*Asks:* 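Here it is: the structure, laid out below.
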Amino acid sequence: MTYTTVLTETRERVGIVTLNRPQAMNAFNATMLGELFDAMEAFDKDENIGALVVTGNEKAFAAGADIKEMADATPFQMITEARVDVWDRIRGIKKPVIAAVSGWALGGGCEFVLSCDMVIASESAKFGQPEITIGIIPGAGGTQRLARLIGKNLTMEMVINNRTLSAAEALQFGLANRVVPVEGYLDAAVAFAEEIASRAPMAVRMAKDAVNAAFETTLTEGLKAEKRNFYPLFSTEDQKEGMQAFIEKRKPNWKGK
Ligand code: HXC
């Protein structure tokens, strides 16, 4: 596929998608959103890929939805053109998605990061929901995912009063998994993703699905969802191989079956 607003690259078993509208701080216009999700879905289907990394550039991961594209929109257009619903495509990605964030992750950019599974932040990363400053509120999950992740009060401050979080604060409040130097931040994220991509693929898939269930349901239903994912793994060759390798004190040789 040839894309005009994202770049794609493969390193070992990691698929990397780079947002590439630097002239607009990687603001998401309709083209970039479509290409981003197309590229992610293609990596998700590729059995040679075990994990995805989505990144921007050093200065901006993404400064949100494209305000210039949105400025004259009517509610009717926002609904019929699925300008907000399209963001839900990330929920269909089965493989782990790691956001490698440097610079600004604002508005929809922050919401995209919140929809990823893990976050590697460079020391310059800044997270915010500044929609209030342009007369709207987050529309791609920011109010819900932030509240679940960092709690109500700080979410209120971010959403109502444009409070931004530094990389160190993002780490402190559980929005980032790791903070790394700006130089080499993408390499650090890819190394992190490579480790994940080297694990038994079906177990990784079931694990992601089970953890996500925790955000959807009661504890009782969540525990049932976990069991539904746990038992079938005993039908995989990789479960037999993983346990046999442990017993024989050797590294497992995963088959992805
Ligand atoms: C369109 C944008 C943009 C955006 C930046 N640009 N953000 N264009 N949509 N979200 C453009 C600028 O207009 C400018 O273009 C160029 O990128 C460089 O930006 P500057 O502002 O000159 O850079 P700087 O002074 O370094 O400030 C960087 C910034 C600032 C702090 C990121 O650009 C900013 O505040 N951007 C808006 C952030 C925002 O409000 N995001 C929320 C959007 S709403 P020109 O042509 O002038 O050079 C949203 C809702 C999602 O995301 C809901 C789901 C649909």
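The analysis underlying the following values was restricted to heavy atoms, covering all of them including side chains, and did not include hydrogens, waters or symmetry mates. Quantities reported herein were computed from a predicted structural model and do not represent experimental measurements. Read the numbers this way: they start at 1 and go in the same order the structure lists the ligands and their atoms.
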*Asks:* Atom 1 (C) of ligand 1: which of Asn26, Asp85, Asp66 has the nearest heavy atom?
*Replies:* Asp66
*Asks:* Around atom CD of Gln23, are there more than 12 heavy atoms from other residues, nucleotides or ligands closer than 6.0 Å?
*Replies:*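 Yes, enclosed.
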*Asks:* State the CD-NZ distance between Glu241 and Lys257, to the nearest 0.5 angstrom.
*Replies:*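 So the CD of Glu241 and the NZ of Lys257 are separated by 12.5 Å.
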*Asks:* Below 4.0 angstrom, counting only protein heavy atoms, does anything approach atom 34 (C) of ligand 1?
*Replies:*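 Given the 4.0 Å cut-off, atom 34 (C) of ligand 1 does not count as touching protein heavy atoms.
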*Asks:* Taking a cutoff of less than 4.0 Å between a non-hydrogen atom of the residue and any ligand atom, is Pro130 in contact with ligand 1?
*Replies:* yes
*Asks:* Would you call Lys95 and Asp117 a salt bridge, using N to O less than 4.0 angstrom?
*Replies:* no
*Asks:* If you draw a 6.0 Å radius around CD in Glu12, do more than 12 non-hydrogen atoms from other residues or ligands fall strictly inside?
*Replies:*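 Result for CD/Glu12: open.
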*Asks:* Do any nitrogen or oxygen atoms of Lys68 come within less than 3.5 Å of a nitrogen or oxygen of ligand 1?
*Replies:* yes
*Asks:* In terms of atom number and element, which parts of ligand 1 are under 4.0 angstrom from non-hydrogen atoms of Ala140?
*Replies:*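 In order of number, 54 (C).
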*Asks:* Within the 4.0 Å heavy-atom shell around Gly64, which atoms of ligand 1 are there?
*Replies:* 52 (O)
*Asks:* Counting each atom of ligand 1 from 1 as listed, which ones have a heavy atom of Ala27 under 4.0 Å away?
*Replies:*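 Counting from 1, the qualifying ligand atoms are 1 (C), 3 (C), 4 (C), 9 (N), 10 (N).
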*Asks:* Find out whether Pro252 and Asp238 are in side-chain contact, i.e. whether some heavy atom of one side chain is under 4.5 Å from a heavy atom of the other.
*Replies:*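 The answer is no; the side chains never approach within 4.5 Å.
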*Asks:* Closer than 4.0 angstrom, basic N to acidic O: yes or no for Glu237 and Lys240?
*Replies:* no
*Asks:* Look at atom 36 (N) of ligand 1 and say which protein heavy atom is nearest, naming residue and atom and giving the distance to 0.1 Å.
*Replies:* Ala63 CB, 4.3 Å
*Asks:* Take atom 17 (O) of ligand 1 and look for protein heavy atoms under 4.0 Å from it; say yes if you find one, no if not.
*Replies:*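 Under 4.0 Å from atom 17 (O) of ligand 1, at least one protein heavy atom found.
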*Asks:* Whether Glu194 and Arg11 form a salt bridge (side-chain N of Lys/Arg under 4.0 Å from carboxylate O of Asp/Glu) is what I want to check.
*Replies:* no
*Asks:* For Gln77, look at atom CD and say whether over 12 heavy atoms of other residues, nucleotides or ligands are found less than 6.0 Å away.
*Replies:* yes
*Asks:* Between Ala65 and ligand 1, which residue portion shows a heavy-atom distance shorter than 4.0 Å: side chain, backbone, both, or neither?
*Replies:*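 Ala65 to ligand 1: contacts from backbone and side chain alike.
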*Asks:* For atom 50 (C) of ligand 1, which protein heavy atom lies nearest, and how many Å away is it?
*Replies:* Glu131 OE2, 3.5 Å
*Asks:* Measure Thr133 to ligand 1 on non-hydrogen atoms and call it side chain, backbone, both or neither using the 4.0 Å cut-off.
*Replies:*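 Near ligand 1, Thr133 shows nothing, with every heavy atom at 4.0 Å or more.
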*Asks:* If you take all heavy atoms of Ala197 and Val14, which pair is closest and at what distance?
*Replies:*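 So the two residues come closest at CB-CG2, 4.3 Å.
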*Asks:* Determine yes or no for a side-chain-to-main-chain donor-acceptor pair under 3.5 angstrom, with Lys126 supplying the side chain and Ser124 the backbone.
*Replies:* yes
*Asks:* Can you sort out which atoms of ligand 1 are near Leu106, meaning under 4.0 Å from one of its heavy atoms?
*Replies:* 32 (C), 38 (C)
*Asks:* Trp87 vs Phe28 aromatic rings, parallel, tilted or perpendicular, using cut-offs 30° and 60°?
*Replies:*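 Because their plane-to-plane angle is over 60°, the rings of Trp87 and Phe28 count as perpendicular.
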*Asks:* Considering only non-hydrogen protein atoms, determine which one is nearest to atom 44 (S) of ligand 1 and report residue, atom name and distance to 0.1 Å.
*Replies:* Ile134 CD1, 3.7 Å
*Asks:* Would you name the heavy atoms of Gly56 and Thr18 that are closest together and state the gap between them?
*Replies:*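 Looks like O-CG2, 3.6 Å.
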*Asks:* Does this structure show an ion pair linking Arg91 with Glu216, if we count only N-O contacts that are shorter than 4.0 Å?
*Replies:*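 Judged by the 4.0 Å cut-off on N to carboxylate O distance, Arg91 and Glu216 do form a salt bridge.
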*Asks:* For atom 53 (C) of ligand 1, grab the closest protein heavy atom and report residue, atom and distance to one decimal in Å.
*Replies:*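 Residue, atom and distance for the closest contact: Gly139 N, 3.7 Å.
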*Asks:* Once you restrict to heavy atoms under 4.0 Å, what part of Glu69 touches ligand 1? Side chain, backbone, both or neither.
*Replies:* neither
*Asks:* Look up atom 9 (N) of ligand 1 and tell me if a protein heavy atom lies less than 4.0 Å from it?
*Replies:*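 Given the 4.0 Å limit, the answer for atom 9 (N) of ligand 1 is yes, a protein heavy atom qualifies.
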*Asks:* Would Gly108 count as a polar contact of ligand 1, with the cut-off being nitrogen or oxygen pairs under 3.5 Å?
*Replies:* yes
*Asks:* With a 4.0 Å cut-off on heavy atoms, is Trp87 touching ligand 1?
*Replies:* yes
*Asks:* With the threshold set strictly below 4.0 angstrom, can you tell me whether any protein non-hydrogen atom sits that near atom 20 (P) of ligand 1?
*Replies:* no
*Asks:* Could you tell me whether some N/O pair between Ile67 and ligand 1 is separated by less than 3.5 angstrom?
*Replies:*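 Among all N and O atoms of Ile67, at least one is under 3.5 Å from an N or O of ligand 1.
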*Asks:* Treat each ILVMFWY residue as a node, draw an edge where side-chain heavy atoms are under 4.5 Å apart, and state whether Val53 and Leu114 are in one component.
*Replies:* no
*Asks:* Can you pull out the closest protein heavy atom to atom 11 (C) of ligand 1? Residue, atom name and distance to 0.1 Å, please.
*Replies:*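 Result: Ala24 CA, 3.9 Å.
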*Asks:* What protein heavy atom lies closest to atom 24 (P) of ligand 1? Include the residue and the distance to one decimal.
*Replies:* Met25 CE, 4.1 Å
*Asks:* Quick check: does any side chain N or O of Glu35 sit under 3.5 Å from a backbone N or O of Thr5, one acting as donor and the other as acceptor?
*Replies:* yes
*Asks:* Of all the atoms in ligand 1, which lie at a distance below 4.0 Å from a heavy atom belonging to Gln23?
*Replies:*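 Here the atoms of ligand 1 in question are 16 (C), 17 (O).
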*Asks:* Just which atoms of ligand 1 are under 4.0 Å from any heavy atom in Glu111?
*Replies:* 51 (C), 53 (C)
*Asks:* Protein heavy-atom contact under 4.0 Å for atom 30 (C) of ligand 1?
*Replies:*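 No, there is none.
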